[in-house]
Amino acid sequence: AKALGAANTTHYDPAKELSTRERNQERRHMAKGLHNNEFRLYYQPQVNLKTHQVIGVEALIRWQHPERGLLPPIEFLPLIEGSELEFHLGEWVIEAALKQLVTWQADGISLPISVNISPQHLLHPGFMSQLKALLAAYPAVLPHLLSLEILESATLDDMQTALEVLKECRQLHIDVALDDFGTGYSSLAYFRQLPVQLIKVDRDFVRDMLESKDDRAIVESIVFMARKFSRPVLAEGVETMAHAQALVELGCFLAQGYGIARPMPADQFPGWLANWQAEHR
Ligand code: C2E
Ligand code: CA
Ligand code: CA
Ligand code: CA
């Protein structure tokens, strides 16, 4: 993994334990899986804890593997980091989200979907033309319903390119969220320049904020800074009511986490939404 932050160092990285030959074989399996339409997007709701409004969903990739079952991204994304396959799988993700927006629009659901874009995908020279071609292929989708989640570390790898890409996204009316904020060590001066519309507090800080004074202080500082720079802030990894309460006390109202809803297949989302709206009327 490329991320600099301590928050990511505990992640198991299967790519590290494989020989080149094994990795190439795994990549071929993934390419075949992509061809056979075995990848799925799951959707996790994002809500406002104060108003109970659902503000959008995050798309999270899964691999419905014919033998190994439903695989989470940590099992396969590291294997294709920096490869052309990553570029193509990334394209599949954006297109799948656009198709989903068309479907939900027909069902009367008009909520933004945010997709995760890997650093290498974002910084790939073909990224903007790929994105524009996809938007052109789905003219019924309002571009502001698609948003991108990018890692803070991605913007640090190549600041100039990242800045240009993000500015172009703005011109297309696509929102950008800075994912895992707090793990990438960008300076305030740099952060100020970034055209991002949402800041996502990494779930590791949120998870430990009730026990750890330090983590609570980090969350508090991010919320404070976001407010100073007039950016909304969303906490991920909200697992319990106690977390939600602590966040509201700090002035962080946007949230996502198992305590609200787990990521779910697209066909379960309309039912979840109706239920949530009935409960919070
Ligand atoms: P992320 O973008 O930080 O996504 C949040 C992760 O936290 C997701 O894991 C989600 O299922 C999980 N999560 C949500 N709420 C909670 C909670 O309350 N507690 C806990 N413990 N976890 C929670 P997931 O789906 O396994 O994805 C892991 C990472 O894989 C994502 O982290 C993202 O970096 C990457 N990823 C997922 N889908 C895509 C994709 O389509 N493209 C790319 N490039 N990366 C993806
Ligand atoms: Ca994300
Ligand atoms: Ca995140
Ligand atoms: Ca994370």
>> Same cluster or not: Leu70 versus Phe269, using hydrophobic residues (I, L, V, M, F, W, Y) connected whenever any side-chain heavy atoms lie under 4.5 Å apart?
In response: no

>> Would you compute the distance between atom SG of Cys252 and atom NE2 of His243 and round it to the nearest 0.5 angstrom?
In response: 12.5 Å

> Does a side-chain heavy-atom distance below 4.5 Å link Leu178 with Val176?
Replying inline: no

>> My understanding is that only residues two or more places apart in sequence, or in another chain, count here; which of them pass salt bridge (charged side-chain N to carboxylate O under 4.0 Å, His left out) with Lys99?
In response: none

>> Are Phe181 and Val233 packed together at the side-chain level, in the sense that at least one heavy-atom pair is separated by less than 4.5 angstrom?
In response: no

> Looking at CG of Leu142 and CD of Gln105, how far apart are the two atoms once the value is rounded to the nearest 0.5 Å?
Replying inline: 6.0 Å

>> Would you compute the distance between atom CG of Leu234 and atom CG of Asp179 and round it to the nearest 0.5 angstrom?
In response: 9.5 Å

>> Leu111 vs Leu273, test: side chain to side chain contact (heavy atoms under 4.5 Å, CB included). Steps then yes/no.
In response: CA-CA 11 Å; Leu111 282 172; Leu273 183 64; 4.3 Å; yes

>> Taking the side chain as everything from C-beta on, heavy atoms only, tell me whether Val238 gets closer than 4.5 Å to Val206.
In response: yes

>> Please give me the minimum heavy-atom distance between Gln120 and Gly82, naming the atom from each residue.
In response: CG-CA, 3.8 Å

> Under 6.0 Å from the six-membered ring centre of Phe224 and within 45° of its axis: does the NZ or CZ of Arg227 meet both?
Replying inline: no

> Which of parallel (below 30°), tilted (30 to 60°) and perpendicular (above 60°) describes Trp63 and Phe76?
Replying inline: perpendicular

> Linking I/L/V/M/F/W/Y whenever their side-chain heavy atoms sit closer than 4.5 Å, directly or via other members, would Phe87 and Leu134 fall into one cluster?
Replying inline: no

Which atom pairs, donor and acceptor, lie under 3.5 Å between side-chain atoms of residues 43-62 and protein residues at least two apart or in another chain?
from  : atom 1 : to     : atom 2 : distance (Å)
Gln44 : OE1    : Gln256 : NE2    : 2.9
Gln44 : NE2    : Ala261 : O      : 2.9
Gln46 : NE2    : Gln256 : OE1    : 3.0
Asn48 : OD1    : Lys50  : N      : 2.8
Asn48 : OD1    : Thr51  : N      : 3.1
Thr51 : OG1    : Gln53  : N      : 3.2
Glu58 : OE1    : Lys200 : NZ     : 2.9
Glu58 : OE1    : Gln256 : NE2    : 2.6
Glu58 : OE2    : Asn116 : ND2    : 2.8

> Nearest 0.5 Å, what's the CD1-OG distance between Ile218 and Ser212?
Replying inline: 7.0 Å

> Closest approach of Pro263 and Tyr258, non-hydrogen atoms and distance?
Replying inline: CD-CE2, 3.9 Å

> So, for Ala246 and Arg216, which heavy atoms are closest and what is the spacing to 0.1 Å?
Replying inline: CB-NH1, 4.0 Å

> Taking the inter-plane angle between the rings of His280 and Trp276 on a 0 to 90° scale, is it parallel (under 30°), tilted (30 to 60°) or perpendicular (over 60°)?
Replying inline: tilted

> Is there a donor-acceptor pair under 3.5 Å between the side chain of Arg27 and the backbone N or O of Leu79?
Replying inline: yes

> So Glu75 and Arg68, side chain to side chain contact (heavy atoms under 4.5 Å, CB included) or not? Walk me through it.
Replying inline: CA-CA 11 Å; Glu75 300 266 350; Arg68 295 162 65 201; 3.5 Å; yes

> Sub-3.5 Å donor-acceptor pair from the side chain of Asn36 to the main-chain atoms of Glu38, do we have one?
Replying inline: no

> Going through the distances and angles, do Leu34 and Leu85 end up as a side chain to side chain contact (heavy atoms under 4.5 Å, CB included)?
Replying inline: CA-CA 9 Å; Leu34 182 59; Leu85 183 54; 4.1 Å; yes

> Does any N or O in the side chain of Arg231 come within less than 3.5 Å of the main-chain N or O of Val196, such that one atom is a donor and the other an acceptor?
Replying inline: yes

> What pairs with Pro195 under side-chain contact (heavy atoms from CB on, under 4.5 Å), at least two apart in sequence or on another chain?
Replying inline: Leu163, Leu166, Lys167, Arg170

>> For the backbone of Thr183 and the side chain of Asp180, can you confirm whether one donor and one acceptor N or O come within less than 3.5 Å of each other?
In response: no

> Is the closest side-chain heavy-atom distance between Val223 and Val219 below 4.5 Å?
Replying inline: yes

> Got a donor-acceptor contact below 3.5 angstrom from the Gln268 side chain to the Pro265 backbone?
Replying inline: no

>> Can you give me the closest heavy-atom contact between Pro139 and Ala136, atom names plus distance?
In response: CD-O, 3.4 Å

>> Just so I know, are the side chains of Met128 and Leu131 near enough to count as touching, which here means a heavy-atom distance under 4.5 Å?
In response: yes

> Do Leu89 and Leu71 belong to the same hydrophobic cluster, where Ile, Leu, Val, Met, Phe, Trp and Tyr are linked whenever their side-chain heavy atoms lie under 4.5 Å apart, directly or via other members?
Replying inline: yes

> Met159, Leu122: one ILVMFWY side-chain cluster at the under-4.5 Å cut-off?
Replying inline: yes

>> Arg21: which residues meet the salt bridge (charged side-chain N to carboxylate O under 4.0 Å, His left out) condition with it, sequence neighbours left out?
In response: none

> Would a 4.5 Å heavy-atom cut-off, applied to side chains only, mark Leu135 and Leu98 as touching?
Replying inline: yes

> CG of Leu41 to CH2 of Trp92: how many Å apart, nearest 0.5 Å?
Replying inline: 4.0 Å

>> Would you say Leu254 ends up clustered with Val248 if hydrophobic residues are merged whenever their side chains have heavy atoms under 4.5 Å apart, either directly or through other cluster members?
In response: no

>> Is there a side-chain contact between Phe127 and Val165 in this structure, where contact means two heavy atoms from C-beta onward sitting under 4.5 Å apart?
In response: yes

>> Quick one, Trp104 and Ile113 - any side-chain contact, counting heavy atoms below 4.5 Å?
In response: yes

> Which pair of heavy atoms, one from Leu18 and one from Glu26, lies closest together, and at what distance?
Replying inline: CD1-CG, 4.1 Å

> Can you list the residues that meet the side chain to side chain donor-acceptor pair (under 3.5 Å) rule with Lys132, with sequence neighbours excluded?
Replying inline: Glu168

> What are the two closest heavy atoms between Leu123 and Ala162, and how far apart are they?
Replying inline: CD2-N, 3.9 Å

>> My understanding is that only one of His88, Glu95, His121 makes a side chain to side chain donor-acceptor pair (under 3.5 Å) with Gln130; could you say which?
In response: His121

> What pairs meet the salt bridge (charged side-chain N to carboxylate O under 4.0 Å, His left out) rule with one or both residues in residues 181-192, with sequence neighbours excluded?
Replying inline: none

> Distance from Ser83 atom OG to Met30 atom CE, nearest 0.5 Å?
Replying inline: 7.5 Å

